Amino acid sequence: MIGSVNGAPLSRRTFVRGVLGAAAAGTVGAALSGCGSDDGASSGDGGGKLVFWHNYTQEARVDFMRQVADRFEQSHPGTTVEIEVVPFPQFPTKWPAAQAAGSLPDVTTVLPEQAVSMWHAGALNPMGPVLDELGGGSAFIPGLVDKIGLYEGEHILLPHYVHNRLLAHRKDLLSAAGASLPERPTWDQVLTAAQAATREPDQFGWMLKLSAADTGGGYLLYMLTHSAGGRLFDGDGKAMLDTAEVKRATEFLVEIGRTASGPGQVNYNINDNFSLINAGTTVLAEVSGAEIGTAAIEAPDIAAQLATTFMPTDVNPGHLIGAISVALPKGRNPTLAQEFAAFLYAEENYVPFLHTIPLFMFPSLAAANGPAFFDHPTIAQYQATAQQTMTGVEEGFAPGFEDGPSPYAGPVFASHAIEQALQSILVGGASVDGALSAANQTLQSTLDSVSSRLG
Amino acid sequence: MSRLASAEPAADRRRSPQPPVRGPSGRGPLGRLAGWADRRTHALLVLPGVALLLAVVAYPIGFNLWNSFTNRNLSFPVTDWVGLANYRWVLEDPAFYSAIGKTLVWTFASVAGQLLLGFAGAVALQNVRRAQTPLRLGLIVPWAFPSIVLAFSWRFMLDPIVGVLNDALLAVGVIDEPLAWFGNESTAMPAIVVMNIWFGFPFMMVALLAGLQTIPAEHYESARVDGASFWQELRHIVLPALRALIGALVVLRTIWVFNNFDFVYLATAGGPAGATETLAVYAFRVGWTNFEIGRMAAVSVAMLAVLVVIVAVYLRVLRPDRDEEA
């Protein structure tokens with residue numbers, strides 16, 4: 001027997017009794033808990049449960065996806081659809097953990113560059129059967145399925161909805177500056193308009209957003225480089241920041257940054273777009289329809305003053321497609337997963353989903369690219385924006401996907417080498433050549449790292 | 001044994017300890033095993049805690065160390081042993097050494113500012129006779145907010161176009177044109193340090209105030225009888241009395257600030273042009289943005305080495321027994 005807390009004697013027998021009692025209670029509790037949570041997921045074959053991850057965090061989209069799942073359950077008696085909202089920032093760490101634990105979902109929304117990583121990790125089933133069920137590639141916007149999702153001979157994803165980067169402007173502020181922009185403005189026209197609209201210290205023609213906290217700067221240089229007929233890297237993993245096209249695009253951005261952008265441009269990121277436009281701090285801004293749609297809801301007076309053009313054109317328009325896509329991870333119920341993925345594109349589910357936040361999402365399905373979508377009042381109000389978006393989706397590429405899905409695209413933009421180069425030129429005093437040369441080395445190191453893993 | 005045995009003064013019990021229980025002689029192996037277990041009950045009690053500590057501390061550290069010798073990447077399924085390649089990569093990267101310098105400035109300036117402001121606040125509060133509690137609560141408000149709220153509030157306040165600080169400084173003529181405090185290489189680091197001092201000084205203040213209140217009033221009274229000034233009291237009574245506490249606070253805050261990621265990243269993301277890229281932000285950029293777990297693990301091991309050196313120096317300089325030895 002030994003002395004103990006508060007003088008209460010504790011013997012080995014007391015201790016062992018306590019430990020055994022706690023262990024027994026724990027075992028019984030775990031067993032009861034296990035019985036209570038037996039929802040079919042632990043059976044190994046998945047039973048009738050289907051797990052769906054999506055990134056749609058807004059209430060309207062969350063609710064609508066639940067309704068879609070309910071309809072699927074009604075049309076598939078005995079099936080339950082478990083939805084988990086996984087915001088994109090969490091997704092890159094969540095799926096590897098789920099793969100390691102053998103708990104990948106059956107269906108997920110995904111960014112194309114993330115899908116390439118998942119495919120390499122052996123975490124995805126091909127989408128071919130779903131594509132066939134929907135009617136093949138012709139069921140989607142021409143060329144879209146292949147340029148977004150055809151990788152190593154397999155369709156690894158299908159675009160759920162799309163958007164395209166456009167150049168928005170405040171009509172009131174631009175006309176007050178005596179400037180205007182055509183629908184396909186050239187670099188010079190944009191530069192002239194941005195400089196004319198700059199009224200320091202409160203109003204700037206085109207406030208750049210070059211923070212290294214997101215990929216806004218990298219995407220902007222991609223669009224302008226693409227516009228100049230160049231690329232940031234090639235399909236073999238060679239960095240191309242030292243090319244004449246990239247240099248021209250960088251010089252254009254630096255000119256904007258020095259003459260028509262303002263202090264703080266190296267701190268702002270894409271999420272600041274709405275407040276910058278709303279406050280009249282920037283007259284021009286690279287946007288997708290989402291910012292216009294948000295303005296239509298949150299600030300209708302400002303939204304009424306917004307119009308869009310294509311991104312600046314040099315030899316090509318500077319399109320950049322965003323494609324939130326659907327993929328089939330290797331979950332427990334692959335057959336049901338294919339049915340559910342196809343169900344997301346069903347008539348009663350598809351266009352109504354796109355309308356949950358008007359102008360936020362544009363159709364990837366060819367059949368939806370018509371009056372059923374465009375007649376929505378908010379979309380009709382911004383018909384030009386909607387048409388420019390759809391044109392860009394047909395003509396443009398996802399960033400770094402000029403040759404189709406690329407394993408290099410994600411790491412290139414995530415490296416933030418471009419944002420750092422632009423910052424060092426604009427506030428660090430570096431020359432364009434010097435900054436691009438340094439960034440090219442960083443980028444090549446990143447690309448080499450990826451190449452070494454691809455074999 | 002009396003049922004009131006537990007009420008006996010502890011000193012009495014120490015004087016007449018219970019004889020140690022030994023396994024009954026003449027028992028078989030089970031009896032001897034029971035006796036052995038009886039004599040080691042304390043070890044059995046400690047065992048779960050040790051196991052838990054190993055699971056939550058030693059395992060992650062060991063796993064991190066192992067990762068630093070691999071090319072583990074969350075985006076690719078195959079992980080290979082790469083030896084010292086990650087360390088070579090880090091040690092050959094000029095940005096790593098730049099980040100060390102930025103981290104030292106960020107850490108020492110922040111901790112020094114927090115300590116000075118916290119000390120001043122504690123001394124001031126100590127002399128407040130009325131409403132000390134509400135004042136203390138009010139001053140600790142910064143500590144209560146999540147870092148994301150604070151970082152965005154400061155970004156807003158220091159914004160070059162709509163920020164209140166620029167407006168105020170322009171109004172009183174301190175500056176001629178709005179400054180991008182976070183967007184300028186020369187002002188970004190001072191700006192985030194000021195933000196961090198503002199955030200961290202309440203912790204110092206509350207801890208030091210508690211320390212001040214343990215100093216007997218007689219010490220001050222004796223000093224005043226001898227004609228000591230405020231500064232002499234501070235030097236000869238307060239600082240020696242708080243020496244150990246200040247040492248602990250400085251070491252703790254140094255570790256926290258050194259490893260801080262969220263404030264810097266949320267305010268400047270390491271920019272502009274790397275002007276505020278501390279080691280934590282550097283690790284994030286070279287590792288986490290592309291899920292290069294191996295490389296990030298190597299950076300974290302290097303960070304640990306730097307931190308160990310700093311803390312060792314601190315402990316050497318601030319060790320509590322220094323006066324006695326002298």
Side-chain angles (χ1 to χ4, degrees), chain A residues 1-3 6-13 15-16 19 92-93 95-97 99 114 116-118 120-123 200-202 204 210-214 262-269 279 281 407 410-411 414-416 419-420 423-430 445-446 449-450 452-454, chain B residues 1 5-8 10 13 17-18 20-21 34-35 37-42 44-45 48 71 73-78 89 95 155 158-163 166 177-185 188 265-275 277 281 285-286 288-292 295:
Chain A
M1 188 181 293
I2 60 173
N6 289 336
L10 177 65
S11 70
R12 178 248 312 163
R13 290 176 185 82
F15 175 69
V16 170
V19 169
T93 53
W95 75 258
Q99 187 185 24
Q114 293 169 340
V116 175
S117 292
M118 294 181 78
H120 275 286
E200 292 193 47
D202 299 322
F204 296 89
L210 304 176
S211 165
D214 70 10
Q265 60 187 330
V266 296
N267 294 125
Y268 292 128
N269 54 49
T281 303
S415 74
H416 297 297
E419 286 83 1
Q420 289 218 325
Q423 289 185 5
S424 65
I425 297 166
L426 287 169
V427 301
S445 169
T446 302
S449 174
V450 176
S452 69
R453 294 171 192 278
L454 296 174
Chain B
M1 181 185 292
S6 63
E8 291 172 12
R13 275 185 276 145
Q18 294 284 335
V21 177
D38 273 348
R39 289 190 300 276
R40 287 164 180 79
T41 306
H42 59 286
L44 291 173
L45 289 168
N71 65 352
N73 184 307
L74 293 182
S75 298
F76 296 93
V78 178
W89 190 94
R155 271 188 61 182
L158 269 57
D159 186 277
I161 298 164
V162 297
N166 276 312
E177 58 181 12
L179 277 178
W181 297 95
F182 288 141
N184 188 307
E185 279 190 303
Y265 190 78
L266 290 168
T268 64
E277 188 171 81
V281 177
R285 180 173 64 81
V286 303
W288 191 245
T289 52
N290 273 322
F291 311 113
E292 293 274 8
R295 191 172 294 169

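Chain letters run A, B, ... following the sequence lines, proteins first, then strands; residues in each count from 1. Remember, predicted model here, so these are calculated numbers, not experimental data.
- For chain A, the nearby part of B:D159 is the side chain; its heavy atoms alone come within less than 4.5 Å.
- When heavy atoms are compared at a cutoff of 4.5 Å, A:Y268 approaches chain B by way of both its backbone and its side chain.
- In this structure, A:N267 and B:R155 approach most closely via the heavy-atom pair O-NH2, 3.4 Å.
- In this structure, the portion of B:F291 lying under 4.5 Å from any heavy atom of chain A is its side chain and not its backbone.
- Closest approach of B:T289 and A:H416 over heavy atoms only: CG2-CD2, 4.2 Å.
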Practice task
Go through the steps to decide whether B:R285 and A:Q420 satisfy the test side chain to side chain contact (heavy atoms under 4.5 Å, CB included), and finish with yes or no.
Solution key: CA-CA 11 Å; B:R285 180 173 64 81; A:Q420 289 218 325; 3.7 Å; yes
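- Using a 4.5 Å cut-off between heavy atoms, B:A267 contacts chain A through its backbone alone, with no side-chain atom that close.
- Interface residue A:P263: backbone and side-chain heavy atoms are both found under 4.5 Å from chain B.
- Closest approach of A:S211 and B:A269 over heavy atoms only: OG-CB, 4.0 Å.
- With a 4.5 Å cut-off on non-hydrogen atoms, B:W89 touches chain A through its side chain but not through its backbone.
- Only the side chain of A:S445 comes within contact range of chain B, with at least one heavy atom under 4.5 Å from a heavy atom of that chain.
- Heavy atoms of B:E177 lying under 4.5 Å from chain A are absent altogether.
- Of all non-hydrogen atoms in A:V427 and B:E185, the two that sit nearest each other are O-OE1, 3.2 Å.
- When every heavy atom of B:A273 is checked against every heavy atom of A:Q423, the shortest pair comes out as N-OE1, 2.6 Å.
- Remark: A:S117 OG to B:L74 CG distance equals 9.5 Å, nearest 0.5 Å.
- Heavy-atom pairs under 4.5 Å with chain B were tallied for A:S415, A:P411, A:A212; the largest tally goes to A:P411.
- Across every non-hydrogen atom of A:D202 and B:I161, the tightest pair is O-CG2, 4.0 Å.
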